[in-house]
J.: 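The structure under discussion is supplied below as structure tokens; questions concerning it will follow.
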Amino acid sequence: MLVQFYNVSKIYPNGVKALDDISLKIDRGEFLFLMGPSGAGKSTLVRMLFREELPTRGQIFLASRSIVRMKRGEVPRLRRNIGIVFQDFKLLENKTTYENIAFAMEVVGASSKDIKERVTEVINMVGLKGKEKSFPGELSGGEQQRVGIARALTNYPLILIADEPTGNLDINTSHEIMELLFNINRAGTTVIMATHARELVKSAGKRVIMLEQGRIVADNPPGEIFL
Ligand code: ADP
């Protein structure tokens, strides 16, 4: 089991109960959609995985290690195991495709040889060969999201978290990005994707967890029809 949540609740200092007694298991290699209206607690749940937030109650394990009890000094290593893809890409506008991706490895102290090898590899993986020297402003939305995905993959994460990765993309581009995420998943990376895009979720045939007001209201196994 890769991820385990046991009776996790989160009450923010302002009194908002964002998660209410969540228990959840995610296997290695799963592809999982997280759905639910705005404010349901999706981001809070996801932020707990990389210890951006701590639960008020409950336990969370990643690969059998408690994220809650983890020492502060171990957090950077935890975060290297998790790749994050954002709705608004969060690329550095004054850096090229290559530099944006390399940056994620420079900050964790990789050697320049390893950086060169791995950046070339992930650029090929996401289909951006030939765009190494382009700046984000010279790329389409779909291409910018590919850079974001490549950057999230550089450190060989156990989990890829994608928060509304198609939220700023048209429908055709969204399908292309989904295909890329499915390929990454097929190659072994666990993927958790928060989204509002019902049509994409319906056609994907993957596990879907529905959150409402901080509770899991449905957990549909892959392929099960949901409306
Ligand atoms: P979603 O991602 O599904 O939109 P969130 O996890 O962002 O849901 O939010 C769940 C609830 O917690 C909402 O009511 C939101 O306003 C509240 N919330 C989120 N982050 C914070 C925070 N840092 N401080 C206080 N309340 C928060």
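Remember, predicted model here, so these are calculated numbers, not experimental data. Keep in mind that the numbers below use all heavy atoms, side chains included, and drop hydrogens, waters and symmetry copies. Counting starts at 1 for both ligands and their atoms, in listed order.
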J.: Identify the protein heavy atom lying closest to atom 13 (C) of ligand 1, giving its residue, its atom name and the separation to 0.1 Å.
T.: Gly39 O, 3.8 Å

J.: Distance under 6.0 Å and angle within 45° of the ring axis: does Arg151 meet both against Phe89?
T.: no

J.: Can you tell me if CD on Glu212 sees more than 12 non-hydrogen neighbours from other groups inside 6.0 Å?
T.: no

J.: Is atom 21 (C) of ligand 1 near the protein, in the sense that some protein heavy atom lies at less than 4.0 Å from it?
T.: yes

J.: Considering distance alone, does some N or O of Val16 sit under 3.5 Å from an N or O of ligand 1?
T.: no

J.: Has the side chain of Glu164 got a donor or acceptor atom that lies under 3.5 Å from a matching backbone atom of His196?
T.: yes

J.: Verify the cluster assignment for Val3 and Phe31: are they in a single hydrophobic cluster under the rule of side-chain heavy atoms below 4.5 Å apart?
T.: no

J.: For atom 7 (O) of ligand 1, which candidate among Ser43, Gly15, Gly214 holds the nearest heavy atom?
T.: Ser43

J.: Where does Thr44 meet ligand 1, judged by heavy-atom distances below 4.0 Å: at the side chain, the backbone, both, or neither?
T.: both

J.: Can you list the steps and then say if Glu53 with Thr44 is a side-chain hydrogen bond (donor to acceptor under 3.5 Å, both in side chains)?
T.: CA-CA 7 Å; Glu53 295 290 347; Thr44 300; over 6 Å; no

J.: Got the closest protein heavy atom to atom 26 (N) of ligand 1, with its distance?
T.: Tyr12 CD1, 3.3 Å

J.: In plain terms, say whether Arg215 and Asp21 are close enough for a salt bridge, that is, a side-chain N and a carboxylate O under 4.0 Å apart.
T.: no

J.: Would a single hydrophobic cluster contain both Ile26 and Met193, if residues Ile, Leu, Val, Met, Phe, Trp and Tyr are joined by side-chain heavy-atom contacts under 4.5 Å?
T.: no

J.: As a test of the contact definition, would atom 16 (O) of ligand 1 count as having a protein heavy-atom neighbour under 4.0 Å?
T.: no

J.: Suppose we measure from atom 25 (C) of ligand 1 to each protein heavy atom; which comes out shortest, and what is that distance?
T.: Asn14 ND2, 3.2 Å

J.: Which is closest to atom 12 (O) of ligand 1 by heavy-atom distance: Ala18, Gly36, Ala40?
T.: Ala18

J.: Is there a path of hydrophobic side-chain contacts, each under 4.5 Å between heavy atoms of I, L, V, M, F, W or Y residues, that connects Leu34 with Phe86?
T.: yes

J.: Is Arg47 near ligand 1, meaning one of its heavy atoms is under 4.0 Å from it?
T.: yes

J.: Below 4.0 Å from ligand 1: does a non-hydrogen atom of Ser38 turn up there or not?
T.: yes

J.: What is the closest protein heavy atom to atom 8 (O) of ligand 1, and at what distance does it sit?
T.: Gly41 N, 3.0 Å

J.: What is the minimum heavy-atom distance between Thr154 and Ala104, and which atoms define it?
T.: OG1-CB, 3.7 Å

J.: Near Pro37, which atoms of ligand 1 are under 4.0 Å from a heavy atom of that residue?
T.: 3 (O)

